[in-house]
Amino acid sequence: MASTPPSPTNSPPAASQPPPRPAAPPRPAWDPRQPVVRPFPWLRPTIRIRLTLLYGGMFLMAGVLLLTIIYLLAADAMREGSYLPFRFIDGNLESTSNACPSLRPGRIDARELENAVQVCMNHQRAIALNGLLRRSLLALLGLAVIAFAFGYAMAGRVLSPLGKITRTARRVAATDLTRRIELGGPDDELKELSDTFDEMLDRLERAFTAQQRFVANASHELRTPLAINRTLLEVHLSDPGASPELQQLGKTLLATNERSEQLVEGLLLLARSDNEIVDRKPVDLAEVASQALDQARGEAQTKGVELRGDRVPAVVQGNGVLLERVALNLVQNAVRYNVPEGGWVEVTTESRPGEAVLVVENTGPVVPAYELDNIFEPFRRLRTERTGSDKGVGLGLSIVRSVARAHGGRITAEPREGGGLVMRVVLPV
């Protein structure tokens, strides 16, 4: 009778066993934080090796050429120095040149001849050495000129990638983050520097683009609730049965809502003006300034500020809407930050060789020179005006500077003697 296997009464069921632990992923065999080690780094055509070979080869060639010239000059000097300027004919001494005046033609004994020949040879040797020195100096001077010219040309060729990097950096400094170096050539230090610079520009462009996109999206999302709030407040204020307290509260909320709308519009304009202007059209700064004065005339009359100034045609290539906003912001700031009585704002335009200038000058409180750099920053005002809530949202001059830079221009501020500012916008024609 076959025996049956014993039943596993003491072993736990299969379902109650824990699942097998998954195997851990293999650890990487390389450390991503460590720089890539190149095989045979001493074979890499680095700038040091190339400059060493270049200037070492130039020095060797110049040395070989100089030695050849000196050898030829020395051989010629020895040939001339070994030439005897006399001869004997039938026992009589005859001079063939005036190099040895101590030798007189005629009969001469041996001792006198020996002394005369020694003097003559010394004289000939001195003449040969002087000629050799003079020709060697001329040869050295010529080789120095050739070496400096060749070295200048070679240095310019070797360092030409640095010029390309510098030009690209200047274009990037003009808010054009789309530029890249893309340097070709051997894999040396300059190529590594340009690649690192390109990677940095990629990160900067992504960061600036993300920032501008965030500001634009946030501003667009804020427009809708602000518009709804304004509509509800206007409907509430139009109710004749509302109490005076509610009317006053509604006006206060409406002013606050209007200020928020201005802030949103300013952020949108600031985000758009940070980019370089691509679609450019002829714009007359005199016409732009006149339109800005017409828009600010009502506020100026309310505050008792006189608007004046002569405007001559000054045509630039740019965006008319943004340039009009520049003039309007400057005029509004000049009107709002003015003296209580007898104030004025002078707006002038002029055309210079290669550039057009818009100048807005006004009376007002005395502005310290060290405060001028702060007025162009977003949400920054002068210390005496930080608590004011009816003079804008603090983006006016930031927008002006951003638009001026996008047009390739600049804006400067100077304090007036007696109070006020002189704002000068310079744009290329």
Side-chain angles (χ1 to χ4, degrees), residues 262 265-266 269 273 277 281-367 371-372 375-376 381-382 385 390-429:
Q262 293 177 3
E265 292 296 333
L269 184 59
S273 61
I277 304 301
K281 297 180 181 179
V283 180
D284 189 359
L285 289 184
E287 182 181 357
V288 166
S290 300
Q291 294 178 359
L293 287 174
D294 292 340
Q295 297 182 45
R297 197 173 302 278
E299 185 177 359
Q301 292 176 356
T302 303
K303 294 182 175 293
V305 177
E306 177 189 0
L307 300 180
R308 65 189 189 187
D310 298 328
R311 290 165 294 282
V312 298
V315 180
V316 299
Q317 299 292 328
N319 187 292
V321 176
L322 294 179
L323 292 178
E324 181 179 349
R325 188 59 181 267
V326 166
L328 180 60
N329 285 358
L330 291 178
V331 173
Q332 286 180 344
N333 277 0
V335 171
R336 294 169 182 174
Y337 296 92
N338 216 304
V339 294
E341 296 181 359
W344 52 264
V345 175
E346 186 175 76
V347 182
T348 59
T349 58
E350 58 178 323
S351 181
R352 300 176 181 175
E355 60 186 16
V357 183
L358 169 66
V359 181
V360 179
E361 183 177 357
N362 72 308
T363 54
V366 177
V367 181
E371 289 279 3
L372 294 180
I375 63 177
F376 293 103
R381 302 184 182 90
L382 296 178
E385 300 292 345
D390 60 339
K391 297 184 178 181
V393 295
L395 290 176
L397 294 181
S398 301
I399 294 174
V400 171
R401 183 179 63 175
S402 180
V403 173
R405 288 179 176 177
H407 284 80
R410 64 186 185 276
I411 178 174
T412 58
E414 300 175 2
R416 282 186 68 255
E417 185 177 358
L421 288 174
V422 179
M423 310 294 292
R424 184 174 285 104
V425 180
V426 181
L427 300 175
V429 176

Colleague: Under 4.5 Å between any side-chain heavy atoms of Q332 and Q295, yes or no?
Modeller: no
Colleague: Taking all non-hydrogen atoms of both residues into account, name the closest pair between G420 and V367 and its distance.
Modeller: O-CG2, 4.3 Å
Colleague: Going by the rule side-chain hydrogen bond (donor to acceptor under 3.5 Å, both in side chains), which residues pair with Q301 if we only count those two or more places apart in sequence or in a different chain?
Modeller: none
Colleague: Might you point out which heavy atoms bring I375 and A413 nearest each other, and give the distance in Å?
Modeller: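 In terms of heavy atoms, the two residues are closest at CD1-CB, 4.1 Å.
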Colleague: Can you sort out the partners of T363 under side-chain hydrogen bond (donor to acceptor under 3.5 Å, both in side chains), two or more places apart, ordered by chain and number?
Modeller: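 side-chain hydrogen bond (donor to acceptor under 3.5 Å, both in side chains) check on T363 returns N338.
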Colleague: Of all residues at least two apart in sequence or in a different chain, which pass the salt bridge (Lys or Arg N to Asp or Glu O under 4.0 Å) check with E287?
Modeller: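 Here no residue qualifies.
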Colleague: Compare every heavy atom of D284 with every heavy atom of P313, then report the nearest pair and how far apart it is.
Modeller: CA-OD1, 3.5 Å
Colleague: Not counting sequence neighbours, which residues clear side-chain hydrogen bond (donor to acceptor under 3.5 Å, both in side chains) with R416? List them please.
Modeller: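 Counting only residues at least two positions away or on another chain, R416 forms a side-chain hydrogen bond (donor to acceptor under 3.5 Å, both in side chains) with E361.
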Colleague: Of the non-hydrogen atoms in H407 and L427, which two are nearest, and what is the gap between them?
Modeller: CB-CD2, 4.0 Å
Colleague: Sequence neighbours excluded, which residues qualify as side chain to side chain contact (heavy atoms under 4.5 Å, CB included) partners of A300?
Modeller: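 Residues passing side chain to side chain contact (heavy atoms under 4.5 Å, CB included) with A300: V305, L307, V335.
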Colleague: List the atom of A327, the atom of V288, and the distance in Å for their closest heavy-atom pair.
Modeller: CB-CG1, 3.8 Å
Colleague: Might you work through the side chain to side chain contact (heavy atoms under 4.5 Å, CB included) test for L397 and M423, ending with a clear yes or no?
Modeller: CA-CA 10 Å; L397 294 181; M423 310 294 292; 3.9 Å; yes
Colleague: Taking only residues two or more places apart in sequence or in another chain, which ones pass salt bridge (Lys or Arg N to Asp or Glu O under 4.0 Å) with E306?
Modeller: none
Colleague: Taking the side chain as every heavy atom from C-beta outward, state whether V326 and I411 have any pair of such atoms under 4.5 Å apart.
Modeller: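 Side-chain contact under 4.5 Å: no.
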Colleague: Which pairs, with at least one residue in residues 418-429 and sequence neighbours excluded, count as a salt bridge (charged side-chain N to carboxylate O under 4.0 Å, His left out)?
Modeller: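 Every pair satisfying salt bridge (charged side-chain N to carboxylate O under 4.0 Å, His left out) with a residue in residues 418-429: E414-R424.
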Colleague: Where the side chain of S402 meets the backbone of S398, is there a donor-acceptor pair that is under 3.5 Å apart?
Modeller: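 No; zero donor-acceptor contacts below 3.5 Å.
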Colleague: Please examine the side chains of S351 and V312, heavy atoms only from C-beta on, and report whether any two atoms are closer than 4.5 Å.
Modeller: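 The answer is no, as the side chains (C-beta and beyond) never meet within the 4.5 Å cut-off.
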Colleague: Working to the nearest 0.5 Å, report the span between CG of L323 and CG of L328.
Modeller: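 L323 atom CG to L328 atom CG measures 12.5 Å (nearest 0.5 Å).
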Colleague: Using the test side-chain hydrogen bond (donor to acceptor under 3.5 Å, both in side chains), find all partners of Q317 that sit at least two apart in sequence or belong to another chain.
Modeller: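 side-chain hydrogen bond (donor to acceptor under 3.5 Å, both in side chains) check on Q317 returns nothing, list empty.
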Colleague: For L421, does its backbone N or O pair with a side-chain atom of N362 as donor and acceptor, under 3.5 Å?
Modeller: yes
Colleague: Among all residues two or more places apart in sequence or in another chain, which pass the side chain to side chain contact (heavy atoms under 4.5 Å, CB included) test with A289?
Modeller: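 By the side chain to side chain contact (heavy atoms under 4.5 Å, CB included) rule, A289 matches R311, V347, T349, L358.
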Colleague: Can you run down the salt bridge (charged side-chain N to carboxylate O under 4.0 Å, His left out) pairs that involve residues 313-324, sequence neighbours left out, and say none if there aren't any?
Modeller: none
Colleague: Between G309 and T348, what is the shortest heavy-atom contact and its length?
Modeller: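 In this case the closest contact between G309 and T348 is CA-CG2, 4.2 Å.
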